[in-house]
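The structure appears below as structure tokens.
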Amino acid sequence: MIFETKRLYTRPLIVSDIVNLNQTLMDVQAMYAYAHAFKPAEVLAWYQRQVQRYQQDGFGLWALIRKEDQQFVGQCGLTKQTFNGAPIVEIGYLLQRDFWHHGYAIEAARAAKQYAFEQLELARVWSVIRDNNLASMNVAIRNGMLVRGKEIKHYYGLDMPHFGFAVDQNKSNSNS
Ligand SMILES: CC(C)(COP(=O)(O)OP(=O)(O)OC[C@H]1O[C@@H](n2cnc3c(N)ncnc32)[C@H](O)[C@@H]1OP(=O)(O)O)[C@@H](O)C(=O)NCCC(=O)NCCS
């Protein structure tokens, strides 16, 4: 286990989770902010990237598991990214559609923030979100973040405006 909340815990992804990753990454509705649903080879590359992150960075996107029945509900974790050229650490969350609207994403995101501040001792943590992804922005806002800037990301042949949300360790207490 990496961290836990009242209803959930995270653990590293394992190869047998790929079938679960497919449920989100190959779901065109869940992936609207990425402009396309992944193909099987892209899901495998995604999984391998997380394993590489665990080894290189000590963190990545982890499996998000519901305690009551060990159900895989999605992924949440921390990844190294850049925002307008500067290195940042981002809280990421992707849930299978069956598990949206239960408050699981914000519950996990708050715990990921706490992990970033207490275990990794980061001063600031980010969520970088495409401008059409209102559900994700609401998670960032509930997680105590403010919008800090904008960047146009070039992905899948498209220009995608993204907002950079962030929260600082010394300002997060009232929102955690
Ligand atoms: C972004 C994403 C994780 C948000 O999931 P979510 O379930 O909407 O987020 P939350 O956990 O904050 O849940 C909030 C909803 O649960 C409801 N809820 C129910 N029980 C709750 C509880 N105990 N606590 C909090 N909220 C609760 C809230 O009322 C809210 O409902 P609403 O969406 O109808 O307003 C999800 O849309 C997703 O996986 N999208 C695809 C991947 C993606 O784009 N990821 C982000 C990339 S930047």
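A distance of 12.0 Å separates CG in Leu120 from CD in Gln114, rounded to the nearest 0.5 Å. A distance of 8.0 Å separates CE of Met160 from CG of Asn132, quoted to the nearest 0.5 Å. Considering NZ of Lys113 and CD of Gln169, their distance stands at 10.5 Å, rounded to 0.5 Å. Here the straight-line distance linking atom CG of Asp27 with atom CD of Gln96 works out to 9.0 Å at 0.5 Å rounding.
Of all the heavy atoms in His154 and Asp159, the pair that sits closest is ND1-OD1, 2.6 Å. The nearest pair of heavy atoms linking Leu95 to Tyr104 is CD2-CB, 3.8 Å. Of all non-hydrogen atoms in Leu21 and Trp46, the two that sit nearest each other are CD1-CD1, 4.3 Å. Contact detail for Ala109 and Val139: the closest heavy-atom pair is CB-CG1, 3.9 Å.
Aromatic ring centroids of Phe38 and His36 lie under 6.0 Å apart.
Take His102 and apply the side-chain hydrogen bond (donor to acceptor under 3.5 Å, both in side chains) test, not counting sequence neighbours, and it matches no residue.
The number of heavy atoms from other shown groups lying within 6.0 Å of NZ (Lys67) is above 12.
Both Leu25 and Leu158 sit in one connected hydrophobic cluster of ILVMFWY residues. Membership requires side-chain heavy atoms under 4.5 Å apart, directly or through other members.
Classification of the Tyr115-Phe3 ring pair by plane angle, with boundaries at 30° and 60°, yields tilted.
Partner of Phe83 under the ring-ring contact (aromatic ring centres under 6.0 Å, His included) criterion, out of Phe165, Trp126, Phe163: Trp126 alone.
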